[in-house]
Amino acid sequence: MKRINTLIAGTFAVVAALSSCQRGHDDAGLEYAPNMYNSVGYEPYTQIEKNPINADGKNMREPVAGTVSRRNYKTQFDSSSVDLMIYHIGKDELATAEAVLKNPVPNTAKTLAEGKALYGRYCQHCHGETGAGDGPVADMYKGVPNYKADAYLNMNDGHIFHVITHGKGRMWAHGSQVTPEERWKIAHYIHKLQKG
């Protein structure tokens, strides 16, 4: 009896092994959630037939009520003629940014206070509380600049704005986290740190 059970088990194993090799390489096997594997892709700007998912039948959904279009967004600081949102200077054009960009945000006590808060939120963990490049992250990633070093004392607001926007060296771009107005305020505060 023991020998028959062993023979049956061996036969079953051989049959299972051989049957598993018969499938083609294109067969993915069983799909437990086929809608996850074979979802329908709806193109937002192409409408071929009525979309059954959306109530109005369109592929593209209407914006949320109260959404403000970027083009109509108030982008000027006070009565300044400088547009804060439009910034088309490329990542590798730091010299252009230094020569062209001027800070449209007035340097006031309120601006410096807001710049200090923003610096504490976005910059201090790397650049340190006093701008000496001694933040806790700088211990792990070397090369964080000291704003009081000679090489950085002459950097202007355009340089700071551009580096915050696009990053430089190991510093990642912060343009998506920090608005243009906030970048200008941080630039004012960095100059205050440089003075002591």
Side-chain angles (χ1 to χ4, degrees), residues 44-45 59-196:
Y45 294 106
N59 286 344
M60 183 184 284
R61 294 183 180 219
E62 294 293 325
V64 176
T67 301
V68 178
S69 170
R70 277 285 196 203
R71 291 186 179 155
N72 299 326
Y73 191 80
K74 181 180 178 289
T75 60
Q76 294 180 346
F77 188 81
D78 293 337
S79 61
S80 168
S81 61
V82 178
D83 196 332
L84 296 170
M85 297 298 284
I86 298 172
Y87 187 65
H88 298 294
I89 299 177
K91 180 180 181 177
D92 298 326
E93 299 177 50
L94 181 59
T96 304
E98 289 173 343
V100 173
L101 296 178
K102 305 292 180 228
N103 195 333
V105 178
N107 191 355
T108 64
K110 181 181 177 195
T111 299
L112 289 173
E114 291 173 5
K116 180 178 181 178
L118 292 164
Y119 179 87
R121 187 177 308 142
Y122 296 108
C123 313
Q124 186 172 324
H125 55 276
C126 288
H127 295 282
E129 189 174 351
T130 63
D134 58 353
V137 175
D139 292 338
M140 195 167 259
Y141 297 100
K142 302 300 179 202
V144 177
N146 177 354
Y147 294 139
K148 296 176 183 179
D150 290 340
Y152 295 97
L153 287 175
N154 294 327
M155 67 180 178
N156 64 13
D157 291 345
H159 177 103
I160 297 168
F161 184 90
H162 187 81
V163 170
I164 294 171
T165 305
H166 293 295
K168 184 180 179 195
R170 288 186 142 179
M171 178 177 160
W172 291 3
H174 287 69
S176 62
Q177 293 100 346
V178 186
T179 68
E181 185 179 339
E182 291 172 340
R183 288 176 236 164
W184 290 121
K185 290 176 181 179
I186 291 171
H188 279 310
Y189 183 70
I190 288 172
H191 287 308
K192 181 182 177 188
L193 287 177
Q194 288 177 319
K195 292 174 185 171

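We number each residue from 1, following the sequence as shown.
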Interatomic distance, CD@E182 vs CD@Q177, rounded to 0.5 Å, equals 10.5 Å

Rounded to the nearest 0.5 Å, what's the gap from OG1 on T130 to CD on Q124? Could you check? 9.0 Å

Worked check of side chain to side chain contact (heavy atoms under 4.5 Å, CB included) between R183 and I186: CA-CA 5 Å; R183 288 176 236 164; I186 291 171; 5.6 Å; no

Could you give the distance from CG (L193) to NZ (K195), rounded to the nearest 0.5 Å? 11.0 Å

Can you list the residues that meet the ring-ring contact (aromatic ring centres under 6.0 Å, His included) rule with Y147, with sequence neighbours excluded? H127

What heavy-atom pair brings I89 and A97 nearest, and what distance separates the two atoms? CD1-CA, 4.0 Å

Going through the checks in order, is the side chain to side chain contact (heavy atoms under 4.5 Å, CB included) test met by I190 and M155? CA-CA 10 Å; I190 288 172; M155 67 180 178; 4.0 Å; yes

Which atom pair, heavy atoms only, marks the closest approach of C126 to A138? O-CB, 3.6 Å

Across all chains, not counting sequence neighbours, the side chain to side chain contact (heavy atoms under 4.5 Å, CB included) partners of D134 are A132

By side chain to side chain donor-acceptor pair (under 3.5 Å) - contacts of N103 (at least two apart): D157, H188

Do V137 and V144 come close enough that some side-chain heavy atom pair is under 4.5 Å? no

Atom CG of residue position N154 - does it have more than 12 heavy atoms of other residues, nucleotides or ligands inside 6.0 Å? no

Under the side chain to side chain donor-acceptor pair (under 3.5 Å) test, which residues partner E98, sequence neighbours left out? H159

If you count every heavy atom of other residues, nucleotides or ligands that lies below 6.0 Å from K148 atom NZ, does the total exceed 12? yes

Scan side-chain atoms only and decide if Q194 and H191 contain a donor-acceptor pair under the 3.5 Å cut-off. yes

Kindly compute the distance separating CH2 (W184) from CD1 (I164), expressed to the nearest 0.5 Å. 9.5 Å

Interatomic distance, NE2@H162 vs CD@E93, rounded to 0.5 Å, equals 7.5 Å

Reported CD-to-CG distance for the pair E181 and L118, which is rounded to 0.5 angstrom: 9.5 Å

Would you name the heavy atoms of L94 and V163 that are closest together and state the gap between them? CD1-CG2, 4.1 Å

List the residues meeting side chain to side chain contact (heavy atoms under 4.5 Å, CB included) with A149, not counting sequence neighbours, and say none if there are none. N146, Y152

For residues 106-126, pull every pair meeting ring-ring contact (aromatic ring centres under 6.0 Å, His included), keeping only residues two or more places apart or in separate chains. Y119-Y189

Residues which pass side chain to side chain donor-acceptor pair (under 3.5 Å) with T108, listed by chain and number, not counting sequence neighbours: T111

Would you please name every residue forming a side chain to side chain donor-acceptor pair (under 3.5 Å) with R170, sequence neighbours left out? none

